[in-house]
Amino acid sequence: MPSITVLSGGMGGAKFLQGLLHGLRSGQLPYPADTRITVIANTADDLWIHGLKVSPDLDTVMYTLGDGIDPGRGWGRRNETWSVKEELATYGVEPTWFGLGDRDIATHLVRTQMLEAGYPLSAVTEALCRRWLAPVFEDTVRLLPMTDDRVETHVAIPDAESPSGKRVVHFQEYWVRLRAEVPAEQVVFVGLEASTPAPGVVEALTDTDLVVLPPSNPVVSVGTILGVPGVREALLDTEAPVVGLSPIVGDAHVRGMAEQMLTSIGVEVSAAGVALHYGHRAKGGVLDGWLVDERDAHHLSRIQESGIKTAAVPLMMTDHDTTAAMAAAAIDLAT
Ligand code: GDP
Ligand code: CA
């Protein structure tokens with residue numbers, strides 16, 4: 001059976017995967033309906049909060065594909081209630097800025113208990129997916145954490161009260177509490193260099209027909225996955241074409257904080273900037289092909305000059321059919 005491997009963050013990756021799976025099942029793509037999909041998800045957003053291990057990107061992918069996501073928020077559970085959060089606040093328990101819904105907490109309790117019993121995150125994720133993915137996709141869709149090791153993205157922000165003039169916060173605090181409204185002076189990936197790929201990750205990159213980089217954050221989602229030692233090497237070695245879709249449209253992120261993250265690492269905020277940052281596979285980069293949005297067609301020549309195959313198509317994930325068409329264009333570019 002053919003297989004496709006996707007490197008995913010949270011919302012951008014999950015939305016793309018929904019469109020890809022819709023396209024496969026409705027026959028809009030030149031791959032069979034039961035094509036094996038392996039998702040390698042970012043875990044550097046993970047945090048411990050109230051004694052619970054929370055994996056935001058794994059859960060966003062799992063809930064979205066398993067139809068348990070709150071469609072309005074794009075994260076957390078549908079029909080959520082917030083009694084535990086309210087009760088914790090009345091005790092004055094900090095932090096209060098990270099919202100854990102009651103239904104969602106059950107997932108984190110299962111994850112935390114299994115981790116504390118000695119299971120690696122990959123085994124925990126497999127167990128959670130038995131509820132969310134298996135009933136919908138049987139064994140055709142697999143979700144793997146990028147690593148079983150603890151990796152955390154931290155962000156240095158300005159702080160006039162600190163002797164160094166800055167302070168370091170967890171990525172979730174930067175995004176959720178500070179809403180990415182202060183400049184990110186530096187991003188630091190704690191534990192990344194010492195991490196190893198989770199079981200199945202390298203095989204999913206080398207033993208597959210196509211690798212897709214969906215429109216996920218190039219720094220704190222795809223960037224962290226590529227930073228797990230062995231992942232970049234597997235992408236260089238694989239015989240499968242590697243094709244990406246730009247998360248930057250019209251020189252801006254569609255939503256999220258990709259602009260702040262790219263700026264903090266000195267990468268131009270444009271579809272071309274991200275393509276050149278990823279680089280052409282023949283020159284030690286990770287891409288064979290790169291799709292940009294129609295309104296970024298003026299960037300095509302710069303991308304082509306670097307050796308990366310490219311094309312401009314609509315890249316806004318407005319509905320499943322439009323997203324499936326993006327997946328079709330990515331497959332087309334790769335073949
Ligand atoms: P997160 O972990 O929830 O931040 O999700 P991802 O890292 O998977 O994706 C977030 C990024 O997806 C955003 O920063 C945007 O740049 C990008 N994005 C979101 N919606 C769209 C869309 O409709 N089209 C494109 N091209 N990019 C999008
Ligand atoms: Ca994320």
Side-chain angles (χ1 to χ4, degrees), residues 6-20 39-47 54-65 69-71 73-76 98 143 145-146 151-155 170-176 179-180 184 187 189 212-226 243-265 267 269-275 277-278 290-296 299 310-327 329-330:
V6 179
L7 272 52
S8 179
M11 285 194 225
K15 238 182 181 179
F16 175 80
L17 284 158
Q18 263 186 320
L20 172 67
V39 184
I40 301 171
N42 169 51
T43 58
D45 291 8
D46 290 18
L47 73 167
V54 180
S55 297
D57 288 357
L58 283 173
D59 288 351
T60 296
V61 171
M62 188 174 79
Y63 292 158
T64 301
L65 301 187
I69 198 87
D70 181 289
R73 285 195 310 272
W75 58 270
F98 198 82
L143 176 61
M146 65 186 198
V151 176
E152 284 183 8
T153 299
H154 290 187
V155 181
H170 189 288
F171 169 75
Q172 293 296 344
E173 185 171 352
Y174 178 74
W175 173 228
V176 180
R179 297 173 200 280
V187 274
F189 307 108
V212 181
L213 274 51
S216 280
N217 190 304
V219 184
V220 294
S221 295
V222 177
T224 44
I225 302 172
L226 295 176
V243 56
L245 298 93
S246 179
I248 301 296
V249 172
D251 299 341
H253 59 219
V254 181
R255 55 181 73 83
M257 42 34 230
E259 290 175 41
Q260 292 89 319
M261 293 296 111
L262 287 167
T263 304
S264 77
I265 63 161
V267 172
V269 181
S270 76
V274 178
H277 168 64
Y278 283 146
W290 184 245
L291 281 181
V292 307
D293 186 79
E294 284 174 321
R295 74 197 88 164
D296 294 315
H299 287 301
T310 186
V313 297
L315 281 193
M316 296 303 288
M317 299 187 282
T318 44
D319 55 68
H320 294 344
D321 277 326
T322 312
T323 311
M326 287 166 52

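Excluded from the calculations below are hydrogen atoms, water molecules and symmetry mates; all remaining heavy atoms, backbone and side chain alike, are included. The chain is numbered in sequence order, starting from 1. Counting convention: from 1, in listed order, for ligands and their atoms alike.
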Atoms in ligand 1 with a heavy atom of [X] nearer than 4.0 Å:
X      : answer
Pro215 : 9 (O), 11 (C), 12 (O), 17 (C), 18 (N), 25 (C), 26 (N), 27 (N)
Asp57  : 2 (O)
Met316 : 23 (O), 24 (N)
Ser216 : 6 (P), 7 (O), 8 (O), 9 (O)
Asn217 : 6 (P), 7 (O), 9 (O), 10 (C), 11 (C)
Val249 : 26 (N)

Judging by distance only, is a nitrogen or oxygen of [X] under 3.5 angstrom from one on ligand 1?
X      : value
Met257 : no
Gly13  : yes
Leu315 : yes

Closest by any non-hydrogen atom to atom 7 (O) of ligand 1: pick that one out of Ala14, Ser221, Gly9.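 The option holding the nearest heavy atom is Ser221.
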For [atom], grab the closest protein heavy atom and report residue, atom and distance to one decimal in Å.
atom                    : answer
atom 23 (O) of ligand 1 : Met317 N, 2.8 Å
atom 16 (O) of ligand 1 : Pro247 O, 2.7 Å
atom 3 (O) of ligand 1  : Met11 N, 2.8 Å
atom 2 (O) of ligand 1  : Gly10 N, 2.8 Å

Quick one: do Ile69 and Met11 satisfy side chain to side chain contact (heavy atoms under 4.5 Å, CB included)? Show the steps, please. CA-CA 10 Å; Ile69 198 87; Met11 285 194 225; over 6 Å; no
Find the distance between OG1 (Thr224) and CD (Glu152) and round it off to the nearest 0.5 Å.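 Here the interatomic distance stands at 12.5 Å.
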Arg255, portion touching ligand 1 at heavy-atom distance under 4.0 Å: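 Both parts.
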Steps toward side-chain hydrogen bond (donor to acceptor under 3.5 Å, both in side chains) verdict (Ser55, Asp46): CA-CA 5 Å; Ser55 297; Asp46 290 18; 2.8 Å; yes
Measure across [X] and [Y] and return the closest heavy-atom pair with its distance rounded to 0.1 Å.
X      : Y      : value
Ser216 : Gly9   : OG-N, 3.0 Å
Ala258 : Asn217 : CA-ND2, 3.4 Å
Val267 : His277 : CG2-ND1, 3.6 Å
Leu143 : Ala41  : CD1-CB, 4.0 Å

Looking at ligand 1, does Ser246 have a heavy atom less than 4.0 Å from it?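 True for this residue.
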Relative to the ring of Trp290, is the ring of Tyr278 parallel (under 30°), tilted (30 to 60°) or perpendicular (over 60°)?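 Because their plane-to-plane angle is over 60°, the rings of Tyr278 and Trp290 count as perpendicular.
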Any donor-acceptor N/O pair, Asp296 side chain to Gly250 backbone, under 3.5 Å: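 Yes, Asp296 side chain to Gly250 backbone: donor-acceptor pair under 3.5 Å.
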Verify, without hydrogens or angle tests, whether Glu259 (side chain) and Ala252 (backbone) share a donor-acceptor contact under 3.5 angstrom.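 Looks like no, no N/O pair under 3.5 Å.
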When you check the side-chain N and O atoms of Asp57 and Thr60, is any donor under 3.5 Å from an acceptor?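 Not at all, the side chains of Asp57 and Thr60 share no donor-acceptor pair under 3.5 Å.
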Using the Ca ion (ligand 2) as the apex, give the angle to atoms OD1 (Asp57) and OD2 (Asp45), rounded to 10 degrees.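 Centred on the Ca ion (ligand 2), the OD1/OD2 angle is 100° (to 10°).
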